[in-house]
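Worksheet: the structure to be examined is printed underneath.
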Amino acid sequence: MLDVQLADVAVLLGALALAGPLARGLGISAVLGYLAAGALVGPYGFGSLFSTKEASQILHFAEFGIVLLLFLIGLELRPKRLMAMRSAIFGLGGAQVALTGLLIAAVGLAFQVPWNVALFAGLALALSSTAFALQVMDESGDLAARHGRLGFAVLLFQDLAAIPLIALVPLFALGNGGEGGMGLFGSLKALGVIAAVVIIGRFLLDPLIRLIATTKVRDAMTATALLTVVVMTLIMQWAGLSASLGAFLAGALLAESSYRHQLEADIQPFEGLLLGLFFTAIGMSLNLKLLLDEWPMVLALCAALIVIKSLVLYALGRWQGLDNRGARRLGFFLSQGGEFAFVLFAAGVTAGILARSQSDMLSLVVTISMALTPFLLAIDRLLAGRKPAAAAFETPDDNDGHVIIAGFGRYGQIAARVLRAKKIPFTALDISAEQVEFVKKFGSRAFFGDASRAEILEAAGISKARALVLAIDDVEASVRTAEMVTSRWPKVPLYARARNRQHAHRLLDLGVKFIERETFLSALQTTRQLLGGLGLSNRDVEQTIKTFRAHDERRLLEDYKHYTDLERLQAKARSDAATLEKLFEEDAAEDRDQPNIRGATGQV
């Protein structure tokens, strides 16, 4: 049980609420903000608001944030994505982790560090901070360059490599004469549990979530997502494996699920909060007294880490064909230690691989290396003479994105069929679990999710979307979605379906430019066929339909000015009926005059 009081909870929430925004305002990573806030309120900080025991308890609780992070990483592990980037991910990423880990381990061996401790620390320090590096690359515009894409591939491999490293921590304890390793029975048990989890999860997990989704109870979906992660971690712990491995497997099993976007949106708020709490707890655990007492050693180790990682990444970047500056920036961006190092150090202490003093020292090294990354990039700008980095990778056009279809009923499916035929990628969302399962039977793919929720759209990639087709059947949900998209993502074109004139007026209120009433064009086509069947000439039919359509569309915009005044709309409807009748009479008179005009023209 946690000994933390309500006042302590208020302090932690205050740190989480202020640290991230303040860090972003200062132009640094939110991770550094959380670490700094934790250091200030921790047992070694100025306030000393938490004891060492309380900091340890908070860290233990907040480690569930890492579990949720690994679940989300598993959700993103789609086979198509891995296949498309397999060379850069497994080739470049694997080489970076192996070379960096071995070189750091060699330095440790040179200082008489036991081989298992040196190798464990080397592999942990080989991992960079995904959250930190991606943020810095995105803010500087380097993600669009080739070195940025290669950096992304390396980070993705590091995230994948962290899973087996966390799971195999007990093996490194063998070198200390510990009992951390598994016997033959334990190994067979672990392999059997993994196989059973994969098989059962593959065939039972998706149907279970589908059953919950059909109830349309939003809280039940959130509880199911969290329960899935917790049960998986408990099973893995029972088998003697890492809880993180269970979370990762749960995510990977659901990577191709129709409910992936919904699960991601439900889990992310908890993951973000607990991950921030985890970094704050790490900050509390940072031994600032050790930094003051051993600062030469800390800075020396930090310099060694940055130099080794930068040189390895620079060499690999040149091997991949990057120019001098691209390879240098790749090295600088990924030169720091990462958040998974904190997880591995904590696990290493528990398993008896690292002493507490060693873990404290290495945690300080990782934190300082993060803080030094912006200064390395400033040095790079000086070396380049303040010139922007050359774009060594072709930046995709603004239109090179996917289309999101919100609502996958009869209206949205038509748009999807055309897009599929034109090979334009799209992501279809529908709040009905029955509809999602139904369209699967006919070869279509849709994801379960409420498109009127911002987190669902973010999970579907709205910020990178080429357009959004608003085909939601429910008027209120449609308006909510339109309001959210136009306010939060105003650059994403919105093509909306309106159920009726009132719905169209409400969409016009929100600034939606492309609106089609769902029955308008089909009703006009039916009327066109009806008039032809009644014996009217083709010319008369087309003129009648054209006149009515122009009049109705003009009236739609005129009614929009007064659409909240019901009495005025009713009066205007009566007068418009007379106006339309007059227009038809004018068209008929014009048709009667056409032969005379042609005749007069011929005489001229």
Side-chain angles (χ1 to χ4, degrees), residues 2-4 34-66 104-105 107-109 111-127 162 165-166 168-181 242-244 277-302 304-305 337-370:
L2 284 174
D3 295 332
V4 180
Y34 294 135
L35 290 170
L40 287 175
V41 302
Y44 303 101
F46 299 110
S48 299
L49 299 177
F50 295 90
S51 66
T52 304
K53 179 183 178 182
E54 288 172 335
S56 176
Q57 290 177 332
I58 293 169
L59 177 60
H60 183 69
F61 171 76
E63 284 177 353
F64 192 62
I66 297 295
I104 295 176
V107 173
L109 291 173
F111 286 91
Q112 306 301 313
V113 176
W115 71 268
N116 62 316
V117 176
L119 183 59
F120 177 78
L123 291 173
L125 292 171
L127 307 179
L165 284 178
I166 294 172
L168 297 176
V169 164
L171 294 181
F172 288 95
L174 292 174
N176 291 341
E179 299 179 357
S242 163
S244 302
L277 184 60
F278 172 78
F279 290 124
T280 304
I282 288 292
M284 291 180 187
S285 305
L286 289 177
N287 193 334
L288 300 183
K289 185 177 182 299
L290 179 64
L291 176 60
L292 294 175
D293 294 341
E294 302 287 344
W295 66 265
M297 177 62 74
V298 173
L299 293 182
L301 290 174
C302 186
L305 171 65
E339 49 268 15
F340 279 117
F342 297 129
V343 183
L344 287 165
F345 295 154
V349 171
T350 303
I353 304 169
L354 297 176
R356 171 60 64 182
S357 59
Q358 292 173 319
S359 175
D360 290 347
M361 178 74 73
L362 293 175
S363 295
L364 284 171
V365 169
V366 170
T367 304
I368 294 172
S369 70
M370 286 183 179

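Quick caveat: nothing in here was measured; it's all calculated off a predicted structure.
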Practice task
Quick one: pull up CE in M361 and CZ in R356 and give me the separation to the nearest 0.5 Å.
Solution key: 14.0 Å
Fill in the blank from the handout: Heavy-atom closest pair (A341 atom, A124 atom, distance to 0.1 Å) is CB-O, 3.7 Å
Problem - Exercise: identify the closest heavy-atom pair between I353 and V117 - result: O-CG2, 3.3 Å
Exercise for the section: Could you tell me which non-hydrogen atom of L362 sits nearest to which non-hydrogen atom of A121, and how far apart they are? Expected result: CD1-CB, 4.1 Å
Problem - Close side-chain approach of L125 and F345, heavy atoms under 4.5 Å - result: yes
Problem - Close side-chain approach of L344 to L123, heavy-atom, < 4.5 Å - result: no
Practice task
Measure the spacing between CE of M297 and CG of L364 and express it to the nearest 0.5 Å.
Solution key: 13.0 Å
Fill in the blank from the handout: CG (L291) and CG (L299) are apart, to the nearest 0.5 Å, by 7.0 Å
Completion exercise
Shortest non-hydrogen pair, G337 vs V366, comes out as C-CG1, 3.7 Å
